Amino acid sequence: MGGLKDELLKAIWHAFTALDLDHSGKVSKSQLKVLSHNLCTVLKVPHDPVALEEHFRDDDEGPVSNQGYMPYLNKFILEKVQDNFDKIEFNRMCWTLCVKKNLTKNPLLITEDDAFKVWVIFNFLSEDKYPLIIVPEEIEYLLKKLTEAMGGGWQQEQFEHYKISFDDNKDGLSAWELIELIGNGQFSKGMDRQTVSMAISEVFSELILDVLKQGYMMKKGHKRKNWTERWFVLKPNIISYYVSEDLKDKKGDILLDENCCVESLPDKDGKKCLFLIKCFDKTFEISASDKKKKQEWIQAIHSTIHLLKMGSPPPHKEARQRRKELRRKLLAEQLELERQMKELQAANENKQQELESVRKKLEEAASRAADEEKKRLQTQVELQTRFSTELEREKLIRQQMEEQVAQKSSELEQYLQRVRELEDMYLKLQEALEDERQARQDEETVRKLQARLLEEESSKRAELEKWHLAQQQAIQTTEAEKQELEQQRVLKERALQEAMAQLEQLELERKQALEQYEGVKKKLEMATNKTKSWKDKVAHHEGLIRLIEPGSKNPHLITNWGPAAFTQAELEEREKSWKEKKTTE
């Protein structure tokens, strides 16, 4: 009953809006009284004059709005409606009220009766919301049905082009815009008026009159057993047959229920393409014009009986409901998709903020690394400058010492040759010791420098590994984030390449420091060997050279060469040096 009420409300809405002449949303009470009386008449609802006068009594409230009229309409009319009224008459009454006000004045290719049928079809296919409109999907469905009924080919591209011309703020067409669309022949070019009218009538019969199939066939009489041509009309629960297709002279009905069945019969009595309809109390023999028509009628009747068994509505109503449910589902999915898109956009914005924070941290880390590298380079330059200064100073000192040695040598030139050689040996020994000491200092300095370089290299490598790990984590994000981070990754790779170049420079410097260290180490070894050789020479010559000094009163030591030329203290010193030499060897 709810579906019938919704269908009735659509036609009544057209009538109500037609009575609203000034578009204020309200209609005078006198007009609503007339409308209510006419509705009761065509819907075969008992009149209640008392309730009508009570509800629409004259007062100072003025016209009544649609919402104010709905309580009376629901209580005294729609709730009392039974399915025993003439739907065409009801629609004619509502159409008569609204056609003059709304139908276009432009010449149309269809008659007013065809426009009425299109208007009724619009009410059937329109959405269940007000103001009534028909959405593009239902427009396409209707135009396809009309094109098929006219025997033409559907032009999908033409309809797609028509949909593009739709206003973005417009969800569909009104009834009068639909009538104008069909009446101007935009989608029926090449068809005459009669063909278009017949197509509208055929679609009207199917969608509004629930005609599932119709056509001429021969029927065998029950009494005289003669065969007569009749116009058969199949509906969801009945097959009516008429003298002709104008439906004016009805000859009978075949009531269908879930117990009926249809069977094919062999040809007999000169009749072909026979089939039998079995009902509860009667059977009907019918002859189709050809085998194709026979099979179509058998299939149509069989489908109708199956729908009765299942309690399902007619196919076109069920298809309309499925389309509406599909549109509702698509709308819900679209709303859900929009919600998800908003959530993704919010998440993306949060991700962008996180990436911006990471970028700032990376920039700060790069800045700190650059500062540290600058300090390191400055320290390295200072160390190199200091090392160069020390080398120059040592060279200067060495030159001064050599000059002193040369000067001493010239002064002692007149001294005994062996004394000069000994003094020269002592001077060279002192120089070698100084070189050894300086080499050890250089070695220690180079070792510290190498340790510092290694520490800086390790720190830099750890920091680079952190950057590389952060870069790998950023790369493993979603593809959408990868495109946005591509530019940042290039910058990071450049920074990484620069850092790797700096690391290679540090490695080269470390190798150079190692080479310097090896050179200093070799110099130290040479100085040590030189020192040992000078010690040996001094030890060898100490027994041959002794300064002429006053003799000691102490007893002289006796050696294999005779009386010793040295004292006891000198002997102890010599023994001590021999022991040290033996220990080092």
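It should be emphasised that the depicted structure is a prediction, and the values quoted were computed from it without experimental measurement.
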Minimum-distance pair of heavy atoms, taken over all atoms of Trp119 and Ala175: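 Smallest interatomic distance, heavy atoms only, reads CD1-CB, 3.8 Å.
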Nearest heavy-atom neighbours spanning Ile200 and Ile121: O-CD1, 4.5 Å
If you count every heavy atom of other residues, nucleotides or ligands that lies below 6.0 Å from [X] atom [atom1], does the total exceed 12?
X      : atom1 : answer
Arg494 : CZ    : no
Lys144 : NZ    : yes
Arg452 : CZ    : no
Glu455 : CD    : no
Arg386 : CZ    : no
Arg461 : CZ    : no

With side chains defined as the heavy atoms from C-beta onward, is the minimum distance between [X] and [Y] less than 4.5 Å?
X      : Y      : answer
Glu138 : Val135 : yes
Leu109 : Val196 : no
Glu402 : Glu431 : yes
Leu181 : Tyr162 : yes
Arg323 : Tyr141 : yes
Glu382 : Thr385 : no
Leu344 : Asn348 : no

Residue pairs involving residues 310-333 (criterion ring-ring contact (aromatic ring centres under 6.0 Å, His included); sequence neighbours excluded):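 Checked against ring-ring contact (aromatic ring centres under 6.0 Å, His included) - neighbours excluded - the pairs reaching residues 310-333 are Phe124-His316.
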Between [X] and [Y], does any side-chain donor sit less than 3.5 Å from a side-chain acceptor?
X      : Y      : value
Glu336 : Gln340 : yes
Gln156 : Glu140 : yes
Asp442 : Gln438 : yes

Trace of the side-chain contact (heavy atoms from CB on, under 4.5 Å) decision for Glu206 with Leu212: CA-CA 6 Å; Glu206 178 183 352; Leu212 304 179; 5.9 Å; no
Arg393 CZ to Gln400 CD distance, which is reported to the nearest 0.5 Å: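 Those atoms lie 10.5 Å apart.
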Within the 6.0 Å centroid threshold, strictly below: Phe159 and Trp154: yes
Strictly distance-based, threshold 3.5 Å: is any side-chain N or O of [X] a donor or acceptor partner for the main-chain N or O of [Y]?
X      : Y      : result
Ser126 : Phe122 : yes
Thr445 : Gln441 : yes
Ser357 : Gln353 : no

Qualifying residue for side-chain contact (heavy atoms from CB on, under 4.5 Å) with Arg320, from Glu318, Lys324, Arg322: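 Considering Glu318, Lys324, Arg322, a side-chain contact (heavy atoms from CB on, under 4.5 Å) with Arg320 is found only for Lys324.
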Worked verdict on Asp20 versus Lys26 for side-chain contact (heavy atoms from CB on, under 4.5 Å): CA-CA 6 Å; Asp20 180 15; Lys26 296 182 178 181; 5.5 Å; no
Salt bridge Glu509-Arg376, side-chain N to carboxylate O under 4.0 Å: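 Looking at Arg376 together with Glu509, the answer is yes, because their closest N to O distance falls below 4.0 Å.
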Chi angles and distances behind the side-chain hydrogen bond (donor to acceptor under 3.5 Å, both in side chains) call for Asn123, His14: CA-CA 10 Å; Asn123 292 336; His14 283 289; 3.0 Å; yes
Salt bridge (charged side-chain N to carboxylate O under 4.0 Å, His left out): pairs with one or both residues in residues 146-159, sequence neighbours excluded: none
